[in-house]
Amino acid sequence: MPRRKAKVEEVMNEVAEVRPADTKVMAGKWVTMGWVLLLIGGLAHMLPEQMAPVLKYAAFGVTVQMAVGVVSVVLALYYLLED
């Protein structure tokens with residue numbers, strides 16, 4: 001019986017030493033810009049009347065609302081599918 005107890009303790013110590021898998025830490029100016037665009041997109045969705053003056057600006061037929069919406073979706077998919 002003592003041998004079995006020692007084996008169990010050895011296995012428990014090995015399990016305790018296992019570290020979580022390395023995860024990528026996303027940081028930098030591009031990630032910050034992505035989060036800001038996602039925030040603006042969320043605010044535009046939640047407060048359409050208050051954000052309307054900003055979102056109606058357009059250049060070459062592309063409104064800020066359309067640009068923020070497209071970029072927000074692309075960034076969200078990038079974060080979700082980033083294998």
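Tracing side-chain contacts under 4.5 Å through hydrophobic residues (I, L, V, M, F, W, Y), one never reaches Leu47 starting from Met66; they form parts of separate clusters.
Partners of Val64 according to the side-chain contact (heavy atoms from CB on, under 4.5 Å) rule, which considers only residues two or more places apart in sequence or in another chain, are Leu55, Tyr57, Val68. Legend: residues meeting side-chain contact (heavy atoms from CB on, under 4.5 Å) with Val73, ordered by chain and number and at least two apart, are Leu77.
Across all their heavy atoms, Leu43 and Met51 have their closest contact at O-CG, 3.9 Å.
Between Gln65 and Val54, the closest side-chain pair of non-hydrogen atoms is not below 4.5 Å.
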